[in-house]
Number of protein chains: 2
Amino acid sequence: MSAARQPGKSAAPLVSERRDEILALASKIFADKGYASTTVREIADAAGILSGSLYHHFASKEAMLDEIMHGFLDHIVEQYRGTVAAGGDPIDVLRALIREAFSSLGGNPAALAVMINEFNFLVQFPRFAYLRDGAEETERLWTGVIEAGMRTGVFRSDIDARMIYRFMRDTIWISVRWYRPEGKYSPEEIADFYVAMLLDGLATGGSTDQGVRREQE
Amino acid sequence: MSAARQPGKSAAPLVSERRDEILALASKIFADKGYASTTVREIADAAGILSGSLYHHFASKEAMLDEIMHGFLDHIVEQYRGTVAAGGDPIDVLRALIREAFSSLGGNPAALAVMINEFNFLVQFPRFAYLRDGAEETERLWTGVIEAGMRTGVFRSDIDARMIYRFMRDTIWISVRWYRPEGKYSPEEIADFYVAMLLDGLATGGSTDQGVRREQE
DNA sequence: GACGCGACCAAGCGCGCGCTAGGTTGGGTC
DNA sequence: GACCCAACCTAGCGCGCGCTTGGTCGCGTC
């Protein structure tokens, strides 16, 4: 029961091209069918091996998911940190954050899809508690930029900053459900459309009421 | 093998209070854990009966899901149809559609959650092909309103109407993942915040560039 | 040419799943 | 009091799941 001394003794070698290949295949299947509906036999089939052979590379099906989530989250949070730390006009910082978020579409859409599809379910398990930490740090970073813009007056301040963040986050990330690489627009173009709509709104004239109406229906 | 003549012979009576009760319980569990991760034993436990007894009310686990989805979709599409048919200023029609969509949060959040969580996976199966029909009709209705507004000039027309629709649809529906009935804002208030942000934008001044910038980064 | 090792195969175990078939109960009806 | 029927129980079947164990193969090293 004591831990083995040999570094390579475990059934899960930590680096390997083949390993990355299998993980990419698993991401795609998890994204398409959902984690629970995916069988290890399907993953093995896609990789051209038998299901048991997967366990040479990974300790469990859950470990594959864990690695996908960790990889995605660590990378994107790191990006957000850098962008916010660089500072600048809140409008420009927010624009940069939005572009980074959308660029996940081009980079690793399968991992992004798995993240948004499975987040709510997984976050309740101790093993995946780090998902909550990452989500909270992201929320702090983005909300901080929005609030900074409210203070300097470039953003309207009659709407809750956290709600604005949620609207943005959801709109951006869930676009992975309809985005197609072969489609009409690139992630960068979609990001610019979104920024344009977010900042200046859909309406053209001053015909709509500024400020939120709070009366009951 | 010939069809039984008696109307109540089938294992699935079509109306029953108990049936509705069980279906509501199933919706909640499906929403929390995902359809695939939910077992019939869990549903039965929640209802205080044994798993086999579920099959007195429903033909299968899939049939429960089917009924939840159909009930939700039929109702909401019917609403959209009526609102669009009533006509009016595109801004007002769009506002009404958005409020109706958000009001699903208060009405049947579990069914809404199941819908957005399972849609992409289920739509590929013949049994759930009607989901695509409902989604397409909804898209036609909403997009039609947006395009009408573009023609009359109340909406900006430099962004693809279908993309605007997608941004809106996903943002509204996925709010079920963070909306809490006991929270700070009601679905109606959230809807008004969203409409305000959507129509007039987040920026206060004329400092941002109107129109979409298309240069590469 | 013996050895180590990463990659995979062969075979199958045990568990929990969706679902089934027949039986029991208790309130309602005539 | 005989009958009906919705609601639920009892008991368990068969399948496919994640995962395990021991073995095979081929390449690189000395």
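Every chain is numbered from 1 and lettered A, B, ... according to where its sequence line falls, protein lines coming before strand lines. Just so it is clear, the model here is predicted, and its values are computed rather than measured. Just so you know, these numbers use all the heavy atoms, side chains as well, and skip hydrogens, waters and symmetry mates.
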Mapping B:G52 and A:S60 onto DNA chain D by nearest heavy atom, which one lands closer to the 5' end? B:G52

Atom NE2 of B:H56 and atom P of D:dT10: how far apart are they, to the nearest Å? 16 Å

Reckon B:S53 has a side-chain N or O less than 4.0 Å from the OP1 or OP2 of D:dA7? no

Side chain of B:T39: nearest nucleotide among C:dC17, D:dG18, C:dC19? C:dC17

Are the ring centres of B:W173 and B:F72 closer than 6.0 Å? yes

Using whole Å, what does the distance between atom P of nucleotide C:dG18 and atom CD1 of B:I43 come to? 8 Å

Give one of base, sugar-phosphate or nothing for B:L50, where a contact means two heavy atoms less than 4.0 Å apart. base

Is A:S51 touching bases, backbone alone, or none of the nucleic acid, heavy atoms closer than 4.0 Å? base

Does the side chain of A:N117 come under 3.5 Å of the side chain of A:Y35 through a donor N or O and an acceptor N or O? no

Please state how far atom CD in B:E62 lies from atom P in C:dC19, giving the value in whole angstrom units. 8 Å

d(B:E137 CD, B:E78 CD) to nearest 0.5 Å is 9.0 Å

Rounded to the nearest angstrom, tell me the gap between atom CD1 in B:I49 and atom P in C:dT25. 18 Å

When all nucleic acid strands are considered with a 4.0 Å heavy-atom cut-off, which category describes A:T38: base, sugar-phosphate, or nothing? sugar-phosphate

Whole-Å distance separating the CG atom of B:L54 from the P atom of C:dT20: 12 Å

Which pair of heavy atoms, one from B:I190 and one from B:Y185, lies closest together, and at what distance? CG1-CB, 3.8 Å

Is a side-chain donor-acceptor pair under 3.5 Å present for A:E100 with A:T83? yes

Between P of D:dC19 and NZ of A:K61, the distance in whole Å: 8 Å

Between A:I22 and B:R41, the residue closer to the 5' end of DNA chain C by nearest nucleotide is A:I22

Remember a base hit wins even if backbone is also touched, and classify B:R18 as base, sugar-phosphate or nothing at under 4.0 Å, heavy atoms. sugar-phosphate

